J.: 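Quick one: this structure, given as structure tokens, is what I'll be asking you about.
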Amino acid sequence: VLELTTFSLLNGLVYGLLLFMLSSGLTLIFSMMGVLNFAHASMFMLGAYFSYQLGRWIGFWPALVLAPLLAGVIGAAVERYGLRHVHRHGHVPELLFTFGLAYLIEELVIMGWGRNPIENKVPPALDFPLFTLWATSFPTYKAFMMLVSVAMFAFLYWVLKKTRVGLIIQAALTHPGTVAMLGHDVPRVFTLVFAAGTALAALAGVIGGFALLTAPNMAAALGPIVFVVVVVGGLGSLGGALVASLLIGIVQTFLVALDVSLLDGLQRFGIVLGRDSALYELFTIKVAQTAPMVPYLLLILMLILRPRGLMGTRDT
Amino acid sequence: MEARATGAAAALPVVAGAGGWRRAWPWAAVAALVVVLPLVPGLDSNFVRSLLSQMGIAAVFALSYNVLLGQTGLLSFGHAVYFGLGGYVAIHAMRLINGGWPVPMALVPLFGGLGGLAFGLLFGSVTTRRAGTVFAMISLGLGELVVAASLMLTRFFGGEEGITANRIRGPHPFGIRFASQLEVYYLIAFWTLLSVGLMYFFTRTPVGRMCNAVRDNPERAEFVGYNPQRVRFIAFAVAALFAGVAGGLSALNYEIVASEALGAARSGSVLLMAFIGGVGHFLGPILGAVVITWLQVNLSDYTSAWQLYFGLLFVVMVLFAPSGLAGLLALHWPLVRAGRLGRVLSAYLLALVPALVMTAGAVFLLEVNYRLATKPELGSRMRLFGLDLDVSRPWPWLVALGVLAVGFAAFRRTWPIVGAAWAEATAATRGASRS
């Protein structure tokens, strides 16, 4: 049990940090422009595919740097030539634009790499067990994922809080008019933040690509979870996003490890349900099967109990 | 936002008390058209009847979606949940009828609607607490939740294979057995007309008007004494009801409902239909449903990349024509009335030539790429636009890129001409109406 708990905790942490890498970029973009970028998970997917392709041409380490940069350039172009254009029509068209973009990126990925999952293998430099506890070994690439995500947050925190650029970004979040008055190019700051958020998502894609299956539907699979994280954490709150990511990551990993159903629990107390009982099917569901539903159940629970999210400040 | 602010209600002029006939004749004309259409020689094949049936289902679904998006300003990414759940309730009703329930098969869509309404009331009480972006995300999450649940509870949902039933076995008043596609078409047409009429009626009720108010300014609506949450909830329930009717019609038409009916892809496609048709006009989503269904059925014969083209069309519409096809038509209506459409049309024709050249280049590139990526086993020889090509050589690529670039350059040249013609025509129209 201790073994199971430790490894579930570690895996949950890896997954949660990955979720936070995605949701932090999303939150940053949202609090700046008030638009939830529906295509954010698509950028994650692009990161995974770019790193696979670049990794085959020039090796993994350069790809780790280049793939996010490439995605960042795409993000900047999307903001400059797309989002800025629809911005004057209001928020709903903005959301629709990113929705269309997500649709389009999925189709383009199919066009580029086919419908089937690609063999996005862990590079040999990271493909060995880091340590073995009891009988289970912990792979190095997972430790590497944790390392990259933690390093990235430290960097992000440092940029936002300690540098001049961060100061301008923070000011532009709350007082864009005043910042523009002081001679800063606020639209360019927007483009920069959007590009940075996209690059962050792509970096998560690079390191998350070999932990998850790299396939054209990965954006559609992960996207809703990331949006749930952002809403549960409270729209626009980085701290809330961190707590929600870790919570969902750890709870989901723990549930996957549990191979029992309600029926087993009832049997322990001597209650036996007949096969013909109306709810029999409901009770036979394994706890592990419900893991994919956890984020959404959490979302609904949160809405009933605390509509603004864990650490949210705005009401709409 | 002007197009939306004028809203669904203003799209059709109100003729208050000016005699029932003047208001009723468009409806009568449409009903007559719907009755006659599948009997017109050339259109009387089963293929056309099935296509028209699909269009009817899509029209009800898209209109129900527009009760949310166009009328109340709620962007939902999970509207198919109510379509699918309504469909499941309907197919189970059909199975009961097969088993001996004394209910005519023609009433099955009603069960679909009630199913949609029940789930709409249940889920709507949670989701409509918030509006805007958060509502969009919740609808998305709820959609995922229902899909996950549907794959788990196989007794009700039938898993991936779905649930099947038979529309012929059961009581048959008037001897209508729904054995032919024509009979099914008329049944679908009846329910479609009824639903469209009811939804139009809903836009005219005080609640329907309050939906517009809540969409445009929830704060003011609250000051006037209405609870925006309550209004959103009512609109949500109405939308779920008619989505359920559409799901019931689909269950009747295909005799099968599978979990794909609930899924994100279906939710996305109804959003596409409503938006491309135009959410600011009552008839927009119907237009979108008809056009998109027609494209879906026909385009998928020619190319496997049709979803890509839909995505492109959608993004282009969001960028350049956010009021949809209906909005574009409405924009030209004053010119038609003033008789100045010809001036603009000739400019359009001029711009159309390079636009077509540009499109041809892009389509060529997309088709070749798509084929190479998704069906590598077919090799590099292919037929496109009636040409036999070997795409492992560079020249087809170079020619396509060249065509694309030339088309784009020419299009940028001609576009200002269109703008000038447009400005001139509208100015003349305004001048004429003033004098």
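Chain identifiers are assigned alphabetically (A, B, ...) following the order of the sequence lines, protein sequences preceding nucleic acid strands; residue numbering begins at 1 within each chain. None of the values given here were measured: they were computed from a predicted structure.
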J.: When rounded to the nearest 0.5 angstrom, what distance separates CZ in A:Phe38 from CG in B:Leu75?
T.: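 That separation rounds to 8.5 Å.
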
J.: Is there a side chain to side chain contact (heavy atoms under 4.5 Å, CB included) between B:Met137 and A:Val230? Walk through the geometry before answering.
T.: CA-CA 9 Å; B:Met137 291 306 113; A:Val230 176; over 6 Å; no

J.: List the residues meeting salt bridge (Lys or Arg N to Asp or Glu O under 4.0 Å) with B:Arg412, not counting sequence neighbours, and say none if there are none.
T.: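 Partners of B:Arg412 under the salt bridge (Lys or Arg N to Asp or Glu O under 4.0 Å) test: none.
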
J.: Mind checking the OG-OH spacing from B:Ser269 to A:Tyr103? Nearest 0.5 Å is all I need.
T.: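 Spacing of OG (B:Ser269) from OH (A:Tyr103) equals 7.5 Å.
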
J.: In Å, rounded to the nearest 0.5 Å, how long is the span from CZ of B:Phe320 to NE2 of A:His85?
T.: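 If I round to the nearest 0.5 Å, the distance is 5.0 Å.
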
J.: Heavy-atom cut-off 4.5 Å, strictly under: side chain, backbone, both or neither for A:Leu104 against chain B?
T.: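 When you check distances to chain B, atoms from both the backbone and side chain of A:Leu104 fall under 4.5 Å.
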
J.: Is the OH atom of B:Tyr226 crowded by more than 12 outside heavy atoms at less than 6.0 Å?
T.: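 No.
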
J.: Can you tell me how far CG of A:Leu96 sits from CG of B:Leu319, rounded to the nearest 0.5 angstrom?
T.: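 Going from CG on B:Leu319 over to CG on A:Leu96, the span is 11.0 Å.
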
J.: Ring centroids only, cut at 6.0 angstrom: are A:Phe99 and B:Phe77 within range, meaning strictly under it?
T.: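 Yes, close enough.
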
J.: What pairs with B:Glu144 under salt bridge (Lys or Arg N to Asp or Glu O under 4.0 Å), at least two apart in sequence or on another chain?
T.: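 Testing B:Glu144 for salt bridge (Lys or Arg N to Asp or Glu O under 4.0 Å), a comparison that skips the adjacent residues, returns none.
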
J.: So which atom in B:Leu145 and which in A:Ile300 form the shortest heavy-atom distance, rounded to 0.1 Å?
T.: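 Closest approach of B:Leu145 to A:Ile300, heavy atoms only: CD2-CD1, 3.6 Å.
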
J.: At a 4.5 Å cut-off on heavy atoms, which part of A:Ile225 comes close to chain B: side chain, backbone, both, or neither?
T.: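 Neither part; nothing is under 4.5 Å.
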
J.: At a 4.5 Å cut-off on heavy atoms, which part of B:Phe275 comes close to chain A: side chain, backbone, both, or neither?
T.: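 Only the side chain of B:Phe275 comes within 4.5 Å of chain A.
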
J.: Measure B:Ile138 against the heavy atoms of chain A and call it side chain, backbone, both or neither at under 4.5 Å.
T.: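 Contact with chain A involves both backbone and side-chain atoms of B:Ile138.
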
J.: Working to the nearest 0.5 Å, report the span between CG of B:Leu308 and CD of A:Glu106.
T.: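 It is 11.0 Å, given to the nearest 0.5 Å.
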
J.: If you count the non-hydrogen atoms of other residues, nucleotides and ligands that lie under 6.0 Å from CZ in B:Phe408, is the total more than 12?
T.: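 It does not: B:Phe408 CZ has 12 such atoms or fewer within range.
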
J.: So what's closer than 4.5 Å to chain A heavy atoms on B:Leu271: side chain, backbone, both or neither?
T.: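 Contact with chain A: side chain only.
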
J.: Over all heavy atoms of both residues, which pair between B:Ala136 and A:Leu95 is shortest? Give the atoms and the distance, please.
T.: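 That would be CB-CD2, 3.8 Å.
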
J.: I'd like to verify something: which residue of B:Pro322, B:Gly143, B:Ala148 has the highest number of heavy-atom pairs under 4.5 Å with chain A?
T.: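 Looking at each of B:Pro322, B:Gly143, B:Ala148 in turn, B:Pro322 comes out on top.
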
